[in-house]
**Q** 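I'd like to ask some things about the structure below.
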There are 2 protein chains.
Amino acid sequence: MSLTQIQSFVAVAEEGHVGRAAHRLHLTQPPLSRHILALEDELGAPLFERTPRGMRLLPAGEAFLQHARRILSEVDAAVHTVRGVVGGPSK
Amino acid sequence: MSLTQIQSFVAVAEEGHVGRAAHRLHLTQPPLSRHILALEDELGAPLFERTPRGMRLLPAGEAFLQHARRILSEVDAAVHTVRGVVGGPSK
DNA sequence: GATCTTTACGACAGACGTAATAATG
DNA sequence: CATTATTACGTCTGTCGTAAAGATC
């Protein structure tokens with residue numbers, strides 16, 4: 001599991017299409033599709049239902065999405081905290 | 001930033017030595033040292049004080065450590081939640 | 001000089017993109 | 001047949017490990 005895969009998952013979950021999510025991430029469809037497949041493989045369960053009109057979250061995917069968002073926002077907070085500790089008090 | 005780097009950081013913070021942390025992660029020292037350096041480079045600030053007896057956390061490192069632990073435990077929770085959603089109700 | 005961490009460097013695995021294939025309405 | 005996702009495949013970047021080098025008591 002990687003942060004890239006998690007970002008990919010969130011983008012696909014929000015856009016509902018691999019293609020649109022890929023464009024948003026400045027990526028092409030194949031690598032993005034592989035991220036999702038690898039994630040599902042590692043988790044041992046599918047997260048999306050594939051339809052000819054896009055991807056729709058399954059219950060397992062909705063459960064994962066909540067954690068995924070918290071992981072990404074925690075990463076963001078970690079970065080800002082360090083910059084705050086370093087840049088803030090010393091000014 | 002990658003989960004591998006975050007795991008490396010936590011291991012070094014807890015062990016206080018790159019060598020011991022590397023052994024714990026089934027890795028050698030050079031890649032582990034590179035993970036820390038890359039992380040510090042990305043954050044724009046050193047996280048450890050290098051001494052001839054090992055590595056000691058700086059204030060910025062202590063701040064990052066709290067977030068790092070939460071990120072890793074959130075990842076763990078995400079995995080278990082998905083497995084719970086998939087395996088639990090269907091039994 | 002002993003104990004750490006870091007840099008050099010050659011080899012291998014992984015990830016990207018283009019192009020082709022599959023599936024579905 | 002149009003639209004979407006997936007697989008094949010060649011290339012290229014990135015990460016590993018061994019070995020050498022720096023730094024500090």
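Lettering follows sequence order; numbering is per chain, from 1.
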**Q** Can a donor-acceptor pair be found, under 3.5 Å and without considering hydrogens, that links the side chain of B:Arg50 to the backbone of B:Phe48?
**A**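 Such a contact is found between B:Arg50 side chain and B:Phe48 backbone.
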**Q** Short question: side chain of B:Glu42, backbone of B:Met1 - any donor-acceptor pair under 3.5 Å?
**A**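 Yes, the answer is positive, given that a donor and an acceptor are paired below the 3.5 Å cut-off.
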**Q** May I ask you to verify whether the side chain of B:Arg34 and the base of D:dG17 hold a donor-acceptor pair under 3.5 Å?
**A**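 Indeed, a donor on one side and an acceptor on the other fall under 3.5 Å apart.
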**Q** Send over the distance from B:Arg50 CZ to C:dT3 C1', rounded to a whole Å.
**A**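 The answer, rounded to whole Å, is 16 Å.
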**Q** Using whole Å, what does the distance between atom P of nucleotide C:dT6 and atom CG of B:Leu32 come to?
**A**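 Nearest whole value for this atom pair: 9 Å.
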**Q** Does the A:His17 side chain pair with the main chain of A:Arg53, one donor and one acceptor, at a distance under 3.5 Å?
**A**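 Side chain of A:His17 to backbone of A:Arg53, a donor-acceptor pair under 3.5 Å: yes, one is there.
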**Q** Find the distance B:Gln7:CD to D:dT15:C1' and express it as a whole number of Å.
**A**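 Rounded to whole Å, this separation is 15 Å.
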**Q** Roughly, in whole Å, what's the span from CG in A:Leu37 to C1' in D:dT7?
**A**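 So the two atoms are 10 Å apart, to the nearest Å.
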**Q** Choose from D:dA5, D:dT7, C:dT5 the nucleotide whose nearest atom is closest to any side-chain atom of B:His17.
**A**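 In terms of side-chain proximity for B:His17, the closest of D:dA5, D:dT7, C:dT5 is C:dT5.
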**Q** Nearest of D:dT7, C:dT18, C:dT5 to any side-chain atom of A:Thr28?
**A**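 Looking only at heavy atoms from C-beta outward on A:Thr28, the closest nucleotide is C:dT18.
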**Q** Any donor and acceptor pair, going by atom type alone, linking the side chain of A:Glu40 with main-chain N or O of A:Leu47 inside 3.5 Å?
**A**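 Yes, A:Glu40 side chain to A:Leu47 backbone: donor-acceptor pair under 3.5 Å.
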**Q** Whole angstroms only, please: what is the CZ-C1' distance between B:Phe48 and C:dT6?
**A**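 One finds 15 Å between C1' of C:dT6 and CZ of B:Phe48, rounded.
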**Q** Of all the nucleotides listed (D:dT7, D:dA5, D:dC16), which has the minimum atom distance to the side chain of B:Leu27?
**A**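 Among the listed nucleotides, the one closest to the side chain of B:Leu27 is D:dC16.
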**Q** A:Gln5 or B:Pro52: which one's nearest nucleotide on DNA chain C is closer to the 5' end?
**A**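 Nearer the 5' end of the strand: B:Pro52.
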**Q** Write down the distance between CG (A:Asp41) and C1' (D:dT6), rounded to a whole number of angstrom.
**A**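 One finds 15 Å between C1' of D:dT6 and CG of A:Asp41, rounded.
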**Q** Answer yes or no: is there a donor N or O on one side and an acceptor on the other, between the side chain of B:Ser33 and the main chain of B:Gln29, under 3.5 Å?
**A**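 The answer is no, because no donor-acceptor pair under 3.5 Å joins these two groups.
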**Q** Any idea which of D:dA5, D:dA8, D:dC25 is nearest the A:Ser33 side chain?
**A**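 Closest nucleotide among those given: D:dA5.
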**Q** To the nearest angstrom, how far is B:Glu49 atom CD from C:dC4 atom C1'?
**A**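 So the two atoms are 14 Å apart, to the nearest Å.
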**Q** Which nucleotide in the set C:dT6, D:dT24, D:dA5 lies at the smallest distance from any side-chain heavy atom of B:Met55?
**A**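 The listed nucleotide nearest to B:Met55's side chain is C:dT6.
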**Q** Tell me whether the side-chain N/O atoms of A:Arg53 come closer than 4.0 Å to OP1 or OP2 in C:dG25.
**A**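 No.
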**Q** Does D:dC16 have OP1 or OP2 sitting under 4.0 Å from an N or O in the side chain of B:His35?
**A**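 Yes, B:His35 has a side-chain N/O under 4.0 Å of OP1/OP2 on D:dC16.
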**Q** Expressed as a whole number of angstroms, how long is the span from B:Gln29:CD to D:dT18:P?
**A**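 B:Gln29 atom CD is separated from D:dT18 atom P by 11 Å.
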